[in-house]
Amino acid sequence: MLVGVLASGGGSILEAVLGAGVPAEVVLVDRPCPATDVAAAHGVPAVLVARESFGPSFDRVAYTERLVDELQAREVELVVMAGFMTVLEKPIFDAYGGRVLNTHPALLPSFRGAHAVRQAIEAGVKVTGCTVHVATLEVDEGPILAQEAVAVRPDDTEATLHERIKVVERRLLPATVHAIIERGTVLP
Ligand code: GAR
């Protein structure tokens, strides 16, 4: 199963995925970011598919089509979002429906969206965590593949809590991808 990974930021989840031996054909990033260097360090080609806008003029469908073109050019069969911060549109689910994975820093269905860790702290929950799921057109929905809890400490900041959640994501996402590759299907 040929894998393509999408990333946007520091690339620590990407590092864990590639470091665990997930055989990625390509890493696509949506902005200049350290994830590109992480890919290079593992000998995986990184392609910048730059968002032309972060404002209301952003054409999400056209952007998604560009990403799908890059994935299909490399015959990617399984897409793994490893800290990818652009919400994608219908073209990727038309091309890769049921074969797009995402890792999210909360126990879905709680705290969907881009600020899940902050929302967990603001809500005062004592336990949050992370979720690996099949991505669908509805953001942070779709079948849950793996989930693990992380305790919230009284003195946690968004940064300290997010880092402890990421420690778990760095184990859970690669393990989930390896299991999918071994059985040859996304859903068990
Ligand atoms: C991870 O916590 C991942 O769950 C989150 O971004 C972080 C990436 O960390 N993704 C999302 O919030 C997607 N909506 P990294 O840049 O250190 O790899």
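Order of appearance sets the numbers: ligands from 1, and atoms from 1 within every ligand. Position 1 is the first residue of the sequence, and the numbers go up from there.
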Salt bridge R66-E52, side-chain N to carboxylate O under 4.0 Å: yes

I'd like to know if the side chain of E15 pairs up with that of H42 as donor and acceptor (distance under 3.5 Å, no hydrogens or angles considered). yes

How long is the gap from CD on E158 to CD on Q119, to the nearest 0.5 Å? 9.5 Å

By chain and number, the residues contacting ligand 1 below 4.0 angstrom (heavy atoms only) are G9, G10, G11, S12, I13, G83, F84, M85, T103, H104, P105, H162, K166, E169

Pairwise distance CG(L6) to OG1(T86) - rounded to 0.5 angstrom: 9.5 Å

Exercise: identify the closest heavy-atom pair between L173 and M81: CD2-O, 4.4 Å

Sequence neighbours excluded, every pair satisfying ring pair (Phe, Tyr, Trp, His ring centres under 6.0 Å) that has a member inside residues 133-185: none

